[in-house]
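For reference, the structure discussed in these notes is given below.
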Amino acid sequence: MPTINVALIGQGFMGRSHSNAWGQVAKFFKSPLVPVMHTVFGQPEENPRMFAANWGWKNASTDWEQLVRSPEIGLVDVVTPNYMHAPVARAAIAAGKPCSCEKPIAGSLSDAREMVNAAKAAKVKTFVWFNYRRCPAVALAYQMVKAGKIGEIRHVRAVYLQDWASESVPLLWRFDKNLAGSGAHGDLNAHIIDMTRFVTGQEITEIAGAIAETFIKERTIPTGVATGGIASGRQGDAAKGKVTVDDTVLFLARFSGGAVASFEAARQATGNQNRNSFELNGTKGSLKFDFERMNELQYYDATLPRAVQGWNTIMCTHGGDHPYVANWWPDAHIIGYEHGFTNQAYDILKVLAGEEPTVPIPDFEDAYQTQRVLEASLISAAERRPVMMEEVK
Ligand SMILES: NC(=O)c1ccc[n+]([C@@H]2O[C@H](COP(=O)([O-])OP(=O)(O)OC[C@H]3O[C@@H](n4cnc5c(N)ncnc54)[C@H](O)[C@@H]3O)[C@@H](O)[C@H]2O)c1
C-alpha cells in the first residue's frame, strides 16, 4: 500500500485529536494511502519529543519552517492558532505540498484569500477540518436533503453554544484578535455556517442583521504551560490584559434557495457545554441535529398521513446504511467526537489518492466562502446594517 509522510504543525487540543485520527485511520478504514506519522512540531516549552513518543510520531521538531520544506514530508497538517494558518499553509504550498488546515481557514479574510490563490496557482490539494460534516448523522442529513426528503427548505436554525469562558479563564490566544481573528464567531459560527451550507447545498446570499458582544472585557495574563482542553487549564496571574474578540455573535441570513436562517455562537451560554445543533424545516419534512446526541438525527416526515406524523429519532449507527459506520463497531455501538476526525483523515487520504470522498470535503476555496459569511456578519454587527454577500469579495 502506498504511504504518505505527514507533518503535524501544533500539538494542543487539535494536535491530540489529529494525532489520534492519523494513528487510527488505516486500522479502521481500507485507506488507499497509508499515513506515516513522520514529524510533529511543537514549541520548545511544550516538549514535542514527549508528545511524539506518546502519540506515535517518529520525530519531533521545534522549527516548523524547516519541517514544512523537508522533502520527506508529503502532507502538512496545520493545527495552530488561526493567525499561523496562512504562513504555514503558504510555506507548504510554496514547497508544492498538499495542506490540510484547521478551521476557520484563517484569522482574516485577506489571509484566507491569499491561501486560496496560492493553492490555485500551485495546483495543490487543500482541505479544511470542518469535522462535523463527518458525523454520520450530519452526513445522513446531507444525503436526505439531496434526495428531496424534506422538500424546499424554508427555515434554517443553527446554534453553537458553549459555556467554558467564565471570568476565571485567562487571556488565551482565543481572546486575542491578532491571534484568533474573532472569538466565538470564528470558532463556533464557522462550524455551523459550514455545516448548514453543506447540508442544504446552498450558499448564504445576505446577512440581514447581526449583534456581537464582549461581556468580559479584561482577563488575567496566563502563566505556565497549557495542560489541555479549550480553556487549556492555565492559570492567570494578577496582571490583566484586554479581550479584543467577541464572546457571542448572533446573525440572521438568507440562503440562495430562499430559506431564512438564524445563527448563534456563544461561549458563556451556561449549561450548554457543546451544543452544536441545527434544524431545517422544509415543505415535506424537517431535520434536527444536536452534537450532544451526535449519533442521532431527528426526522419529521410530513408526507405521512397526519395521524401518524411525529418526530422520529434515527440512530445513525447502522453500518449498511449510514456513512462511515461500517468501518467502526457493530450496530448501535455508538461513536464519539474523535471518530469525525478519523473519518475526515480517511476522506483526505482518498482525495489525495485521486478518489471521491464519502461526502464532499471542504477545500480552501470552500472554506473561504464560510470566511466571507463570517466577515459579512461582523460588518453587519459593527455597522448595524444588512450586508449583501456580493459586497464581501
Ligand atoms: N475542528 C474543531 O472542532 C476544532 C476544535 C478546536 C480548535 N480548532 C482549531 O484548531 C486550531 C488550534 O486550536 P487548539 O484548540 O488545538 O489550540 P491549542 O492552543 O490547544 O494548541 C495550539 C498549538 O499550536 C502551537 N502554537 C501555539 N502558538 C504558537 C505560536 N505562537 N507559534 C508556534 N506554534 C504555536 C502549539 O503547538 C500549540 O500546542 C485553531 O485554528 C482552532 O480554531 C478546531
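All ligand and atom numbering here is 1-based and tracks the order in the structure. Remember, it's a predicted structure, so these values are computed and weren't measured experimentally.
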**Request:** Step through it carefully: locate the ring centre of Phe29, locate the ring centre of Trp328, and say whether they are under 6.0 Å apart.
**Result:** yes
**Prompt:** Quick one: which ligand 1 atoms are inside 4.0 Å of a heavy atom on Val79?
**Reply:** 12 (C), 22 (C), 23 (C), 24 (O)
**Test item, Phe41 contacting ligand 1 (heavy atom, 4.0 angstrom)** = yes
**Request:** Look at atom 33 (C) of ligand 1 and find which of His85, Lys103, Gln344, Met84 reaches it with the closest heavy atom.
**Result:** Met84
**Request:** Assess the pair Tyr324 and His339: is the distance between their ring centroids shorter than 6.0 Å?
**Result:** no
**Asked** For ligand 1, does Phe51 get within less than 4.0 Å through its side chain, its backbone, both, or neither, judged by non-hydrogen atoms?
**Response** neither
**Request:** Show which atoms of ligand 1 fall inside a sub-4.0 Å distance from at least one heavy-atom site of Trp129.
**Result:** 1 (N)
**Message:** Please determine whether a side-chain nitrogen of the Lys or Arg among Lys120 and Glu365 lies less than 4.0 Å from a carboxylate oxygen of the Asp or Glu.
**Reply:** yes
**Item:** Short N-O contact, Arg385 and Glu391, less than 4.0 angstrom
**Value:** yes
**Request:** Mark up the atoms of ligand 1 that fall under 4.0 Å of a heavy atom belonging to Gly10, in ascending order.
**Result:** 24 (O), 37 (O)
**Fill in**
A student checking ligand 1 against Tyr83 at a 4.0 Å heavy-atom cut-off should list atoms 30 (C), 31 (N), 32 (N)
**Asked** Hey, would you say the Trp22 and Phe341 ring centroids sit under 6.0 Å apart?
**Response** no
**Prompt:** Got a salt bridge between Glu375 and Arg372, using NZ or NE/NH1/NH2 to carboxylate O under 4.0 Å?
**Reply:** no
**Request:** Could you tell me whether Asp194 and Arg133 have a side-chain N and a carboxylate O separated by less than 4.0 Å?
**Result:** yes
**Request:** Look at ligand 1 and say whether Arg16 reaches it with a heavy atom at a distance under 4.0 Å.
**Result:** no
**Pairing of Asp347 and Arg134 as salt bridge, 4.0 angstrom limit** = yes
**Fill in**
Note: Phe130, heavy atoms under 4.0 Å from ligand 1, region reported as neither
**Message:** For ligand 1, which is the ligand I care about here, please tell me if Gln11 has any N or O atom under 3.5 Å from one of the ligand's N or O atoms.
**Reply:** yes
**Asked** Are any of the side-chain nitrogens in Asp176 or Lys242 under 4.0 Å away from the carboxylate oxygens of its partner?
**Response** no
**Asked** Going by the order shown, which atoms of ligand 1 are within less than 4.0 Å of some heavy atom of His191?
**Response** 1 (N), 2 (C), 3 (O)
**Prompt:** So is there a nitrogen or oxygen of Phe13 less than 3.5 Å from a nitrogen or oxygen in ligand 1?
**Reply:** yes
**From the candidates Arg174, Met14, Gln43, Glu46, the one that places a heavy atom nearest atom 15 (O) of ligand 1** = Arg174
